[in-house]
Each structure stands twice: as structure tokens, then as C-alpha cells.
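Some notes on the structure that comes next.
Please read all numbers here as calculations on a predicted model, not as lab measurements. Note that these values count all heavy atoms, side chains included, but never hydrogens, waters or copies made by symmetry.
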Amino acid sequence: MKTVSTIAELRTEVHAWRSQGEKIVLVPTMGALHEGHLSLVRMAGDSGDRTVVSIFLNPAQFAPDEDFDSYPRDTDKDVEKLRPLGVDLLFMPRREEIYPQDFSTLITVPGVAEGLCGASRPHFFSGVATVVAKLLNQCRPDVAIFGEKDFQQLLVIRRLARDLDMDVEILGAPIIREPDGLAMSSRNAYLSADEREKAPLLYQTINEVANAIAVGEAIVDLLDAAGKRLTQAGFEVEYLEARDADTLAPVTTRANTPTRVFAAVMLGKTRLIDNVAVP
Ligand code: AMP
């Protein structure tokens with residue numbers, strides 16, 4: 001697995017593959033890799049000829065009061081985890097490579113980026129959209145893979161790629177969970193032992209809500225009861241909503257279009273997000 005840190009080196013490698021007609025797949029990450037990330041990398045191996053993984057902890061998607069400084073970083077471990085997976089190229093740019101001093105462009109994606117995580121983290125999706133647009137331009141992959149764990153982010157990226165006429169297929173990958181249901185996340189490392197024990201209640205709750213919506217129970221009542229249950233258990237609920245899986249329009253009565261239940265909570269100092277499809 002070759003590792004490069006400049007855009008010029010990345011382009012040289014990828015250009016050689018492209019000129020041979022090989023299909024290139026990009027998996028962007030922020031490091032602190034876990035099985036969720038690795039599942040994307042495996043999917044990349046099945047989706048094309050060459051796999052490029054990027055590791056870049058993107059400062060633009062963190063507000064000043066968020067966890068950029070404390071976000072887990074362990075590049076050596078990340079490299080060890082990627083090594084057996086047949087990754088062709090690891091791109092680990094330095095901050096100045098991505099954001100030179102006078103960098104000033106910002107991509108915003110109104111609509112899908114509003115509401116849910118966009119409501120409490122207004123900076124977040126423009127930070128994500130900008131860095132992902134840059135990575136897609138730098139690598140020019142045929143396919144890029146993103147996890148459904150960050151479902152709203154996946155839709156934002158799909159929209160940005162379509163709106164900016166990027167010649168790339170955006171694939172979504174299913175959420176990988178711990179055996180007790182907790183969605184894997186680099187931020188799970190922040191949880192205390194007590195919090196870790198409690199954390200799977202988030203998934204259990206939204207899963208129950210999704211199943212109850214499927215059999216026709218009243219959505220507003222279900223969400224209300226679920227929110228109370230989580231609050232009583234010590235979660236601070238930021239949002240708990242049913243939304244259309246394609247447009248993210250709020251769903252308040254059972255619809256025939258694909259629907260998902262979305263939640264964000266604080267458990268102590270840790271922000272957890274999760275979502276499930278209504279079956
Ligand atoms: P991150 O490093 O948190 O920015 O995540 C990099 C990519 O991995 C994103 O596309 C995430 O949606 C995806 N991802 C993170 N956790 C999971 C998970 N538990 N299951 C599937 N994909 C995930």
C-alpha cells in the first residue's frame with residue numbers, strides 16, 4: 001500500500017491507472033478507523049479495480065467549540081488496519097495541502113443540508129461539502145463510497161456531485177454496528193463504561209419506532225414517546241424525526257415512499273447519531 005501526502009503525487013498515481021482504463025474507487029475518511037470504515041474499503045475493492053483511501057481530519061467541519069483537538073488520531077493503527085485490505089493508495093494530506101493560507105471557497109448545499117444535523121451544526125455540511133468536492137476533484141474517482149451512518153451527509157454529497165456535474169458515482173454503504181446494536185463511530189471512544197452500556201438504547205429505540213411506523217402506528221405519538229424514553233434514560237435528545245429517505249422532507253403520516261427514522265443525542269459529552277429505515 002503506497003502512501004502519498006500531496007495532490008500532485010495522488011494525481012500521478014491515479015492518472016497512470018486511468019490511462020489504462022482502470023476503475024478507481026475513493027473512500028474518504030477522517031481516520032480513527034473502525035469496522036464501519038473498513039466495510040467501505042472492502043466494498044471499494046468489490047466496486048472497481050483500484051482503491052484509494054483518504055485520511056484527513058477536516059477542520060472545516062468542526063465549530064470552534066467542537067472536538068477537533070480531542071478527535072481520536074492514530075495513523076499507525078489506521079495503516080495496520082488498511083494493509084490487509086488491498087488498498088492501492090493511501091492519501092494523507094497535511095492541512096496546508098488542502099487549505100492553503102488564502103483558501104476562501106465554501107460550498108453550501110441548501111435544502112438537504114438544512115434540518116437534522118444542519119440545524120445544530122450549521123458549519124458542518126458546508127465543511128463536508130467543500131472538502132469532499134476537493135477530494136473528488138483531486139482524485140477524480142469513478143466511484144466514491146460513503147456510509148449510511150451519516151445518511152444526511154450521503155444525500156448532501158449526492159446532491160453536490162449531481163449539481164456540479166461531477167463524473168462520479170456516489171455509493172452508500174450500510175451501517176456497521178457493534179453486536180449490541182450501537183452504530184460504530186470513532187466518537188464511541190469518548191464514552192465512559194456506564195455510557196457505553198446505555199448507548200445501544202438509541203438504536204433499540206429508533207428501531208422500535210421504525211417497526212411501529214411500518215405497522216401503521218401514529219408517527220408523532222411514537223416519536224414523542226421515544227423521545228421521553230431516551231430523556232428518562234439520560235440522553236439529551238437533539239432531534240428524533242421520521243424523514244423521507246430521498247428528500248429528507250419530514251414524514252408525519254405513513255407514506256409509501258422510503259422513510260427513515262433519524263436521531264441525534266448527547267450522552268454525557270458524546271454526540272451520537274443514528275438512523276434506520278422503516279421496513
Ligand atoms: P468519518 O471518518 O467519520 O468521516 O467516516 C468516514 C466514512 O465512514 C463516512 O462515509 C461514514 O459515513 C462512514 N462510516 C462511519 N461509521 C460507519 C459505520 N458504523 N457504518 C458504515 N459506515 C460508516
Side-chain angles (χ1 to χ4, degrees), residues 3-15 18 24-32 37 40 52-73 75 78 89-147 149-172 186-187 238 247-248 264 271 273:
T3 301
V4 296
S5 61
T6 65
I7 297 163
E9 291 168 297
L10 169 69
R11 285 191 166 141
T12 303
E13 294 293 325
V14 171
H15 179 76
R18 192 176 303 116
I24 296 149
V25 188
L26 173 67
V27 179
T29 81
M30 298 204 298
H37 299 111
L40 270 52
V52 181
V53 174
S54 65
I55 297 182
F56 179 64
L57 189 51
N58 176 32
Q61 67 192 70
F62 291 80
D65 61 340
E66 291 184 344
D67 57 342
F68 179 76
D69 290 333
S70 57
Y71 196 88
R73 295 160 166 86
T75 308
D78 289 345
L89 191 64
L90 175 59
F91 179 46
M92 289 204 296
R94 292 163 58 85
R95 185 174 177 154
E96 312 81 70
E97 184 74 4
I98 300 294
Y99 299 115
Q101 224 173 20
D102 52 356
F103 184 87
S104 59
T105 301
L106 206 58
I107 296 182
T108 54
V109 188
V112 276
E114 287 160 9
L116 301 178
C117 287
S120 66
R121 305 183 76 200
H123 58 284
F124 174 71
F125 286 118
S126 59
V128 169
T130 304
V131 82
V132 170
K134 284 172 67 69
L135 288 166
L136 292 174
N137 276 335
Q138 290 159 3
C139 181
R140 292 193 33 226
D142 300 284
V143 177
I145 303 184
F146 298 86
K149 161 79 173 22
D150 303 281
F151 200 88
Q152 189 178 15
Q153 169 176 289
L154 171 63
L155 295 193
V156 166
I157 292 163
R158 282 217 168 104
R159 179 66 57 87
L160 113 91
R162 192 208 65 181
D163 286 357
L164 298 181
D165 307 308
M166 291 181 166
D167 192 11
V168 62
E169 183 185 1
I170 305 296
L171 291 184
S186 306
R187 289 192 167 99
E238 189 187 298
T247 63
L248 293 186
R271 187 169 182 275
I273 62 170

Scan the side chains in residues 98-119 for donor-acceptor partners under 3.5 Å anywhere in the protein, sequence neighbours excluded, and list what turns up.
from, atom 1, to, atom 2, distance (Å)
Tyr99, OH, Asn58, OD1, 2.5

Residues 124-133 vs salt bridge (charged side-chain N to carboxylate O under 4.0 Å, His left out), sequence neighbours excluded, gives none

For Gln61 and Glu66, the nearest pair of non-hydrogen atoms, with its separation, is O-OE1, 3.8 Å

Derivation of the side chain to side chain contact (heavy atoms under 4.5 Å, CB included) call for Val156 and Val128 = CA-CA 9 Å; Val156 166; Val128 169; 5.7 Å; no

Tyr71/Phe62 aromatic ring centres below 6.0 Å = yes

Might you work through the side chain to side chain contact (heavy atoms under 4.5 Å, CB included) test for Val27 and His37, ending with a clear yes or no?
-> CA-CA 8 Å; Val27 179; His37 299 111; over 6 Å; no

Can you find a heavy atom in the side chain of Leu10 that is under 4.5 Å from one in the side chain of Val52?
-> yes

Could you give me the CA-CA distance, side-chain angles and deciding distance for Leu248 and Leu155, then say whether side chain to side chain contact (heavy atoms under 4.5 Å, CB included) is met?
-> CA-CA 9 Å; Leu248 293 186; Leu155 295 193; 3.5 Å; yes

If you take all heavy atoms of Arg18 and Cys139, which pair is closest and at what distance?
-> NH2-O, 2.9 Å

Name all pairs fulfilling the side-chain hydrogen bond (donor to acceptor under 3.5 Å, both in side chains) condition that reach into residues 156-167, sequence neighbours left out, sorted by first residue then second.
-> none

How far does OG1 of Thr29 sit from CD1 of Ile145, to the nearest 0.5 angstrom?
-> 13.0 Å

From Ile55 CD1 over to Thr3 OG1, what is the distance, rounded to the nearest 0.5 angstrom?
-> 8.5 Å

Can you tell if the side chain of Pro141 reaches within under 4.5 Å of the side chain of Leu136, non-hydrogen atoms only?
-> yes

Output for pair (Ser186 OG, Arg73 CZ), nearest 0.5 Å, gives 11.5 Å

Inter-residue atom distance Phe146.CZ - Leu154.CG, 0.5 Å rounding = 8.0 Å

So which heavy atom on Pro28 is nearest to which on Ser54, and how close?
-> CA-OG, 3.2 Å

Pairwise ring-ring contact (aromatic ring centres under 6.0 Å, His included) hits with a residue in residues 105-141, at least two apart = none

side-chain hydrogen bond (donor to acceptor under 3.5 Å, both in side chains) pairs touching residues 4-15, sequence neighbours excluded, are Lys2-Glu13, Thr6-Glu9

Sequence neighbours excluded - side-chain hydrogen bond (donor to acceptor under 3.5 Å, both in side chains) pairs with any residue from residues 128-147 | none

Can any side-chain N or O of Asp78 pair as donor or acceptor with the backbone N or O of Ala32 at less than 3.5 Å?
-> yes

Do Phe91 and Leu26 pass the side chain to side chain contact (heavy atoms under 4.5 Å, CB included) test, and can you show the C-alpha distance, the side-chain angles, and the key distance before you say yes or no?
-> CA-CA 10 Å; Phe91 179 46; Leu26 173 67; over 6 Å; no

